[in-house]
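This report concerns only the one structure given below.
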Amino acid sequence: SIAKFPFVRTLEGFEYDAQPSLDPKQIRDLATGRWVANGDALLLLGPPGVGKTHLAVGLGREAIRHGYSVLFVSAATLLTMLTKAHADGRLEERLGHFAKPKLLIVDELGYLPLETNAAHLFFMLVSRRYERGSILVTSNRNVSEWGSVFGDPVAATAILDRLLHHSHVITIRGDSYRLREKRRSGLIK
Ligand code: ADP
Ligand code: MG
């Protein structure tokens, strides 16, 4: 699809019973797409396997259903593309590309620490989109750890300042769904 989702997942397919730290009402509220209409940011935080990408894809599909343009990209791909564009003197073009969709989903920020230059490029993108479009970021790191993720506390503060201004932050706790499934089937203890 145009949105480039990594897999097919729906909100209907999400088992809330498996994830008690999540409020189903909050997800249903986000599924209305009002936060996208408002240009709000959404942070989905939590350890690996708890359903962050699943929910990001599900909410992305709902946004499309409500008529918004959506682009899904992994943080690693996004930052590689911006870094390369910068080196090639085509940063403006790339920033324009990623600033265009009404909702940009950036998956897995923080799995790898960023180079200072990458942190600045990400800041430029967030600033460009600020109060124009929505951004959904998934991360395995809490916002208090973003200074070390960005390798630069000043850039991290500037990014968080914009992301958190009109934002929804959902922190998912608990066990990996993948491991839970394996445990159930007796593959691991
Ligand atoms: P994360 O992005 O947090 O690492 P994922 O969203 O990739 O986790 O979830 C891992 C796998 O488990 C995916 O296949 C996802 O669809 C599934 N999954 C996770 N949580 C749930 C849930 N509560 N209900 C149904 N499937 C889930
Ligand atoms: Mg994920």
Side-chain angles (χ1 to χ4, degrees), residues 1-33 35-36 40-66 68 70-82 98 101 103-114 118-119 122 125-126 129 134-146 148-150 156 159-160 163-164 167-189:
S1 76
I2 294 160
K4 298 193 176 144
F5 294 129
F7 50 41
V8 178
R9 294 291 186 282
T10 62
L11 291 182
E12 296 79 52
F14 193 84
E15 274 181 65
Y16 290 98
D17 291 349
Q19 203 45 264
S21 70
L22 211 60
D23 178 6
K25 191 184 159 291
Q26 191 174 14
I27 302 299
R28 275 200 301 273
D29 222 55
L30 292 165
T32 64
W35 67 286
V36 181
D40 296 350
L42 170 60
L43 306 186
L44 291 177
L45 310 176
V50 294
K52 300 183 298 297
T53 303
H54 185 139
L55 290 170
V57 170
L59 289 170
R61 287 170 63 110
E62 291 303 312
I64 291 171
R65 213 165 57 80
H66 287 98
Y68 300 112
V70 177
L71 181 61
F72 184 109
V73 67
S74 75
T77 300
L78 171 71
L79 291 163
T80 301
M81 284 181 151
L82 289 179
F98 288 115
L103 169 61
L104 180 69
I105 302 176
V106 179
D107 197 30
E108 297 197 347
L109 191 72
Y111 275 85
L112 297 170
L114 306 188
F122 188 67
L125 178 63
V126 168
R129 295 188 55 85
S134 283
I135 188 162
L136 189 168
V137 175
T138 80
S139 180
N140 62 330
R141 311 284 291 270
N142 204 283
V143 289
S144 64
E145 302 171 296
W146 282 27
S148 58
V149 166
F150 288 104
I159 289 164
L160 281 171
L163 283 186
L164 296 178
S167 72
H168 309 262
V169 180
I170 297 180
T171 304
I172 311 174
R173 290 164 231 283
D175 288 341
S176 161
Y177 188 86
R178 294 187 194 99
L179 295 183
R180 176 192 141 103
E181 293 293 288
K182 287 215 177 67
R183 242 177 242 124
R184 278 186 168 174
S185 55
L187 285 170
I188 57 166
K189 289 231 165 96

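Counting starts at 1 for both ligands and their atoms, in listed order. Along the sequence shown, the residues carry numbers beginning at 1. The figures that follow rest on heavy atoms only: side chains count, while hydrogens, waters and symmetry mates do not.
In this structure, of Thr53, Ile172, Val8, the residue bringing a heavy atom nearest to atom 2 (O) of ligand 1 is Thr53. The option from Arg178, Lys52, Glu108 that lies nearest to atom 11 (C) of ligand 1, judged by heavy atoms, is Arg178.
At a threshold of 4.5 Å between non-hydrogen side-chain atoms, the residues Phe7 and Thr53 count as touching. Considering only heavy atoms from C-beta on, Val169 stays 4.5 Å or farther from Val143 through its side chain. The closest side-chain heavy-atom distance from Leu163 to Trp146 is below 4.5 Å. Asp107 is not listed as a side-chain neighbour of Phe5, based on a closest heavy-atom distance of 4.5 Å or more.
Each of the atoms 4 (O) of ligand 1 lies under 4.0 Å from some heavy atom of Pro48.
Protein N/O/S atoms closer to the Mg ion (ligand 2) than 2.8 Å number 1 in this structure.
Looking at atom 24 (N) of ligand 1, its nearest protein heavy atom turns out to be Glu15 N, 2.8 Å. Tyr177 CD2, 3.4 Å is the protein heavy atom nearest to atom 17 (C) of ligand 1. Atom 6 (O) of ligand 1 has His54 N, 2.8 Å as its closest protein atom, hydrogens excluded (heavy atom only). Looking only at heavy atoms of the protein, atom 8 (O) of ligand 1 is closest to Gly51 N, 3.2 Å.
When only interatomic distances are considered, the shortest N/O to N/O separation between Gly49 and ligand 1 falls below 3.5 Å. Note: no N/O pair closer than 3.5 Å links Leu55 and ligand 1 by distance alone. For ligand 1, the polar-atom distance check against Tyr16 finds no nitrogen or oxygen pair separated by under 3.5 Å. Residue Tyr111 has no nitrogen or oxygen atom sitting less than 3.5 Å from a nitrogen or oxygen atom of ligand 1, judged on distance alone. In terms of polar-atom proximity, Gln19 is not counted as a contact of ligand 1, lacking any N or O under 3.5 Å from an N or O of the ligand. Any N or O atom pair closer than 3.5 Å counts here, and Val50 shares at least one such pair with ligand 1.
What you find for Ala56 and Thr138 is that their closest heavy atoms are CB-CG2, 4.0 Å. Taking both residues in full, the closest heavy atoms of Leu78 and Val73 are given as N-CG2, 3.8 Å, listed atom of the first, atom of the second, then distance. Shortest non-hydrogen contact noted between Glu108 and Ala75 is O-CB, 3.7 Å. Between Ala31 and Leu11 the shortest heavy-atom distance is CB-CD1, 3.7 Å. The shortest non-hydrogen separation linking Leu71 to Pro101 is CB-CG, 3.6 Å.
Applying the ring pair (Phe, Tyr, Trp, His ring centres under 6.0 Å) test to residues at least two apart or on different chains, the pairs with a partner in residues 10-32 are Phe14-Tyr16, Phe14-His54.
Counting only distance, with no hydrogens or angles, the side chain of Arg129 and the backbone of Ser134 share a donor-acceptor pair below 3.5 Å. For Trp35 (side chain) and Leu30 (main-chain N/O), a donor-acceptor pair under 3.5 Å exists by modelled atom type. Listed for the Lys52 side chain is no donor-acceptor partner under 3.5 Å among the backbone atoms of Thr171.
Proximity of Phe14 to ligand 1, defined as any heavy-atom pair under 4.0 Å, is shared by backbone and side chain alike. Only the side chain of Arg9 comes within 4.0 Å of ligand 1, counting heavy atoms alone; its backbone N, CA, C and O stay farther away.
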